[in-house]
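Below: the structure, in structure tokens.
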Amino acid sequence: MSKGLTKRSDDYSAWYNELVKKADLAENSDVRGCMVIKPYGFAIWEKMQAEIDRMFKATGHSNAYFPLFIPKSYLSREADHVEGFAKECAVVTHYRLKNAEDGSGVVVDPNAKLEEELIVRPTSETVIWSTYKRWIQSYRDLPILLNQWANVVRWEMRTRIFLRTAEFLWQEGHTAHATKEEAVAETVQMMNVYADFAENYMAVPVVKGTKTESERFAGAVDTYCIEALMQDGKALQAGTSHFLGQNFAKAFDVKYLSKENKEELVWGTSWGVSTRLMGALIMAHSDDNGLVLPPKLAPIQVVIVPIYKGDEQFAAVSAEANKIKAALEAAGVSVKYDNRDTYKPGFKFADWELKGVPVRLALGARDLENGTVEMARRDVEDRKAAKKVVQLTDVVAEVQATLEDMQNSIYQKALSFREQKTTKVDTYEEFKQVLDEQGGFVLAYWDGTPETEEKIKEETKATIRCIPLDAEAEDGKCIYSGEPSKHRVVFARAY
RNA sequence: CGGGGUAUAGCGCAGUCCGGUUAGCGUACCUGCUUUGGGAGCAGGGGGUCGUAGGUUCGAAUCCUACUACCCCGACCA
């Protein structure tokens with residue numbers, strides 16, 4: 001643990017990378033583009049998983065598991081899908097190694113070539129729909145509402161820990177329905193589940209919307225998404241939910257007999273969020289002292305740091321600290337008593353701040369005399385202002401109230417940041433100026449053509465993040481072409 | 001795939017131009033003592049095929065050649 005974190009204002013990107021490593025969340029592995037998620041980082045992911053999983057089950061979904069490998073031919077069954085993923089697929093060509101003749105180690109055994117190569121899944125639509133074909137004959141077999149927690153591989157050119165890694169963890173929901181209406185409703189429902197999770201657990205406000213044709217998922221008819229704004233003014237796609245129409249049903253010949261004894265193609269959806277959410281969580285709230293975690297997702301909600309001179313004081317402080325710990329745990333709060341004798345209090349303060357523990361209680365001889373404890377909340381960056389002395393008798397109530405208030409106030413802070421960084425513009429000049437000077441979401445009219453979208457992207461590096469669902473219908477002119485436009489879309493530079 | 005760069009202790013780096021005792025610094029690690037209300041101090045200690053393979057030389061981290069890996073910029077990125 002070394003001192004000091006690069007300040008966000010000096011180099012946001014360096015700040016992020018250092019924070020991820022110093023807070024013990026994850027590190028780069030020996031395999032290019034792949035990360036090792038460390039216990040503390042994984043504990044946060046597990047908290048996220050648990051909540052999302054609960055939400056899926058509450059909306060009628062079940063978990064299942066499909067294979068890591070996909071026969072190469074499956075991928076090409078859906079034309080847009082293969083087009084979108086072909087360039088970033090890892091391919092398994094052989095199934096055996098042998099000792100090298102020169103003794104230099106093992107080499108691929110050329111005699112063990114696979115008849116058909118296997119793709120390491122970049123996403124599982126194809127294996128799953130080839131399975132659904134066997135499972136679905138009648139309208140009585142529908143709907144199928146499944147989710148799987150899995151790892152996927154996308155061989156990205158440039159990777160960034162949590163935000164874009166070659167291998168990542170995610171969940172992918174895959175549902176099959178008898179009607180279009182039902183499938184669309186499912187797609188929208190899952191987008192809303194994601195938005196609910198982002199806002200009420202991660203404390204990250206999001207914009208809900210649909211993707212333009214060029215940003216749409218490969219093989220989807222429509223892609224719904226939630227878009228979040230990071231502290232450096234760049235957008236991050238936090239989750240997507242796709243209405244697949246009958247595209248995969250056609251590709252894999254998945255049909256059912258309706259009540260009227262008519263053969264119909266099945267309608268599909270797929271939706272996912274990944275370990276990228278960890279990146280969103282880190283970048284949305286953290287400060288120059290380290291990570292700031294919303295209480296609902298913090299693996300440790302309260303840390304107690306003892307301050308003492310000599311064994312006698314240590315014993316007395318520990319006795320009181322353990323009482324506080326027990327009382328808080330009885331109230332459903334997760335607590336760590338940091339009784340390491342090998343580090344000094346100042347080190348521990350800095351260390352737990354770096355790790356984003358929401359509330360810290362410091363307990364020393366002085367407190368024992370006064371019947372008090374010093375409480376510090378992590379969401380206040382100024383270290384003095386974050387502290388408050390509370391009576392021991394009130395500690396459980398104070399902590400609970402503070403945790404609740406923090407969850408709220410972190411969200412409000414992120415929300416007002418986003419509002420402040422959301423700008424309506426009406427000219428291309430203004431558009432470019434806002435992007436360069438303050439970034440954020442820029443609301444502007446667009447003529448609806450991929451050509452204009454592409455030109456704007458080339459010239460400004462800004463993309464259309466989404467066509468917001470709550471956009472008011474108002475007539476305007478496209479900032480680029482001047483053609484008529486019915487409503488504003490959200491532009492931003494993005495991760 | 002194009003352009004640029006790097007490779008020396010767990011991590012971060014100096015030394016390389018101009019070859020020459022035992023390869024050094026910060027941090028981390030280990031031991032001891034003193035410390036403990038904001039990242040402790042002192043003393044001692046362990047840790048290196050100097051990316052790999054050749055070559056030049058009495059002598060190579062340093063010069064030459066080839067290779068490999070990684071990083072940055074570009075292209076690419078549901």
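Computed from a predicted structure; not experimentally measured. Below, read A as the first sequence line, B as the second, and so on, with proteins coming before strands; counting in each chain starts at 1.
Distance noted for atom C1' between C63(B) and C71(B): 26 Å (whole Å). Atom name P, nucleotides C17(B) and U6(B): the rounded distance is 14 Å, in whole Å. On the C1' atoms, C64(B) is 33 Å away from G47(B), given to the nearest whole Å. For G19(B) and G15(B), the P atoms lie 16 Å apart once the distance is rounded to whole Å. Comparing the P positions of G4(B) and A66(B) gives a spacing of 15 Å, expressed to the nearest Å. One C1' atom belongs to G59(B), the other to U21(B), and the distance between them is 12 Å to the nearest Å. Rounded to a whole angstrom, the distance from the P atom of G12(B) to that of C70(B) is 16 Å. Taking atom C1' in both G46(B) and U31(B), the straight-line distance is 10 Å, to the nearest Å.
Remark: Arg360(A) is positioned above the aromatic ring of Phe349(A), its terminal NZ or CZ atom under 6.0 angstrom from the ring centre and at most 45 degrees off the axis. Judged by the 6.0 Å and 45° rule, Lys234(A) forms a cation-pi pair with Tyr495(A).
Rounded to whole angstrom, the span from the CG atom of Asp338(A) across to the C1' atom of G39(B) amounts to 13 Å. Note: CZ (Phe347(A)) to P (G41(B)) measures 13 Å, nearest angstrom. Between the P atom of U36(B) and the CG atom of Leu363(A) lies a distance of 17 Å, rounded to the nearest Å. Between the CD1 atom of Ile304(A) and the P atom of U36(B) there is a distance of 22 Å, given to the nearest Å. Straight-line distance from the CD atom of Glu320(A) to the C1' atom of G37(B): 17 Å, rounded to whole Å. Asp341(A) places its CG atom 13 Å from the P atom of C33(B), with the value rounded to the nearest Å. Put simply, CG on Leu236(A) is 18 Å from P on C77(B), counting in whole angstrom units. Rounding to whole angstrom units, CZ of residue Arg360(A) and C1' of G38(B) are separated by 8 Å.
Base contact: Phe168(A) has a heavy atom under 4.0 Å from a base atom. Backbone-only contact: Arg32(A) has heavy atoms under 4.0 Å from sugar-phosphate atoms and none from a base. Across all strands shown, Lys387(A) has heavy atoms under 4.0 Å from base atoms, whether or not it also approaches the sugar-phosphate. Residue Arg340(A) is out of contact with every strand shown, counting any heavy-atom pair closer than 4.0 Å. Within 4.0 Å of Ala362(A), counting heavy atoms only, lies at least one base atom of the nucleic acid. Residue contacts for Gly84(A): at a heavy-atom cut-off of 4.0 Å it reaches no nucleic acid atom on any strand shown. Using a 4.0 Å heavy-atom criterion, one finds that Lys457(A) contacts no nucleic acid atom at all.
In this structure, C77(B) makes no Watson-Crick or G-U wobble pair, since no nucleotide meets both defining distances under 3.5 angstrom. For A69(B), the paired base is U6(B) (Watson-Crick or G-U wobble, both distances below 3.5 Å). With a cut-off of 3.5 Å on both Watson-Crick or G-U wobble distances, the partner of A14(B) is given as none. Across every strand in view, G39(B) sits unpaired, with no contact that passes the Watson-Crick or G-U test at under 3.5 angstrom. Summarising the base pairing, C29(B) is matched to G45(B) through a Watson-Crick or G-U wobble pair whose two defining distances lie under 3.5 Å. Pairing for C58(B) goes to G20(B), judged as Watson-Crick or G-U wobble with the two contacts each under 3.5 Å.
Of the candidates G38(B), C77(B), G74(B), C77(B) carries the atom nearest the Glu88(A) side chain, counting heavy atoms from C-beta on. Proximity note for Glu156(A) (side chain, C-beta onward) versus U36(B), C77(B), G37(B): the nearest is C77(B). In the set G74(B), U36(B), G38(B), the nucleotide with an atom closest to the side chain of Lys461(A) is G74(B). For Arg366(A), the listed nucleotide lying nearest its side chain is G37(B); candidates were G37(B), C77(B), U36(B). Across G37(B), G39(B), G38(B), the shortest atom-to-atom separation from the side chain of Ile307(A) is found for G37(B).
With RNA chain B read from its 5' end, the first of the two nearest nucleotides for Gly33(A) and Trp170(A) is the one closest to Gly33(A). Of the two residues contacting RNA chain B, namely Arg216(A) and Ala365(A), the nearest-nucleotide position lying further toward the 5' end is that of Ala365(A).
From Gln313(A), atom CD reaches atom OH of Tyr308(A) across 10.0 Å, with rounding to the nearest 0.5 Å.
Ring geometry for Trp15(A) against Tyr12(A) counts as tilted: the plane angle lies between 30° and 60°, on a 0 to 90° scale.
Minimum interatomic distance between Arg160(A) and Thr165(A) (heavy atoms only, all atoms of both residues): O-CG2, 3.8 Å. Closest heavy-atom contact between Ile304(A) and Ala321(A): CD1-O, 3.6 Å.
Residue Glu83(A) places its CD atom among 12 or fewer non-hydrogen atoms of other residues, nucleotides or ligands, all under 6.0 Å distant.
Counting distance only, with no hydrogens placed and no angle test, the side-chain atoms of Lys344(A) and the base atoms of G37(B) include no donor-acceptor pair under 3.5 Å.
Side chain of Asp367(A) to backbone of Asn370(A): no donor-acceptor contact under 3.5 angstrom is found.
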